[in-house]
Amino acid sequence: MKLLSDNLMTTYKRLPVSFLKGQGVWLSDKNKNQYLDALSGVAVNTLGHSHPRFVKAISDQIEKLIHVSNYYHIEEQSLLAKRITQLSNLSSVFFCNSGSEANEVAIKLARLHGHKLNIDQPNIIVMEKSFHGRTMATLSATGSRKVQAGFEPLMSGFIRVPFDDVDSVNVIAKKKNKVAAILVEPIQGEGGINISKDFEAYLSGLRKLCDENNWLLIFDEVQTGIGRTGKWFAHQYTSIKPDVMTLAKGLGSGIPIGACVVNDQASKLMTIGKHGSTFGGNPLAMVAGITTLKIVEEEGLLQNALKQGLVITNLIKKKFNKNNKIKSIRHMGLMIGIELNQECNTLVDIALKNKLLINVIGDSIIRLLPPLVINDDEAILLANKLITTMTEFFDEKE
Ligand code: PLP
């Protein structure tokens, strides 16, 4: 029998379903089964599926102009850059097409900064359990052997320390290692929805070390950005500002886009010809970004992320508060991790049977990243479907 994957390179383990249509938080297959999407294409579909205003804006843009290249001025780039710099209080933006690409820019900036400090082999401090992408530079920065295995030689120039541990960064600083930057996800996504014990203290500890040593502080907000946590950017829960911030995923609501956002100092490191992207910043992707930010603001989706994150986690906590199979429930807005004390990959299949789309990371952590448009009834339904799924899973294991 011919399989849908016959002519595809074997990089993904796929579930036995494919979707034809989406509407809000719902996806439907060819038999018109409706699935509640609690993953949003891994934190991408900020506005859910087929948001009418979004569809209209990008359809209009497709009719006008899709792509021209960066040989020319692109007005939509200026508009999106203006909005992102207003929201982040940073100064300028480079547009690309993915999170990995945005992090490549950040890594190149760190190296330019290091050379400016007369360090000939500059290092970047990165974290254990981090995830920054799948390109050679970003997988080398990533703190996961699974991601790196087989791709040696890895790129040099990264010093790894535990997440949420300012002291170990301080040790590196004292050793006078040739460091140019710290690269960190404010909340680790792929690594397990890891939230530092004291968010403000952790980020301000890193900021202080960067200031004292003239390092760049780079926040990878590819997963945490664009309202996912209830703020535009997760670091805005603190008073700390990075020098460089990377974005992608939720910024284009499904149209590929990445952005590296910088302050004045970091902006000056790039000069004409130092970086580029054929597709990056094309009018279609820019309109997707502009429209996403507009709708997030006008429909109050930051507040909604906070509210529905609490609805979902409270229901799950209420149901399982005496269940010793649950290690912890961690969340910020609609970035939710439920860690079990056992391997639980099969939960994804049980959830699929129950018409709920979730994923499991690190073998034992259920990850929920629903669209920010999820409403009260859908949030309750999501929690109930997950409770049913988890109960079935626990019963099977008895
Ligand atoms: N950085 C973070 C924090 C991510 O979560 C991801 C993807 O999961 C990436 C970077 C890589 O983004 P992309 O897959 O768009 O290259």
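We count ligands from 1, going down the list as the structure has it; atoms in each ligand are counted the same way. A quick note: this is a predicted structure, and the numbers were derived from the prediction, not measured.
- Hydrophobic clustering, defined by side-chain heavy atoms of Ile, Leu, Val, Met, Phe, Trp and Tyr closer than 4.5 Å, groups Leu117 together with Ile119.
- Ionic pairing of Arg145 and Glu152 is present here: one or more N-O contacts between side-chain nitrogen and carboxylate oxygen are shorter than 4.0 angstrom.
- Closer than 4.0 angstrom to ligand 1 by heavy atom are Ser98, Gly99, Ser100, Asn103, Phe131, His132, Gly133, Glu185, Glu190, Asp220, Val222, Gln223, Lys249, sorted by chain and number.
- Here the side chains of Gln223 and Lys249 are in contact, with some heavy-atom distance below 4.5 Å.
- More than 12 heavy atoms of other residues, nucleotides or ligands lie within 6.0 Å of NZ in Lys353, so this atom counts as buried by the packing criterion.
- Taking the six-membered ring wherever Trp is involved, the centroid distance between the rings of Phe19 and Tyr35 falls below 6.0 Å.
- Taking 4.0 Å as the cut-off between side-chain N and carboxylate O, Arg83 and Glu297 count as a salt-bridged pair.
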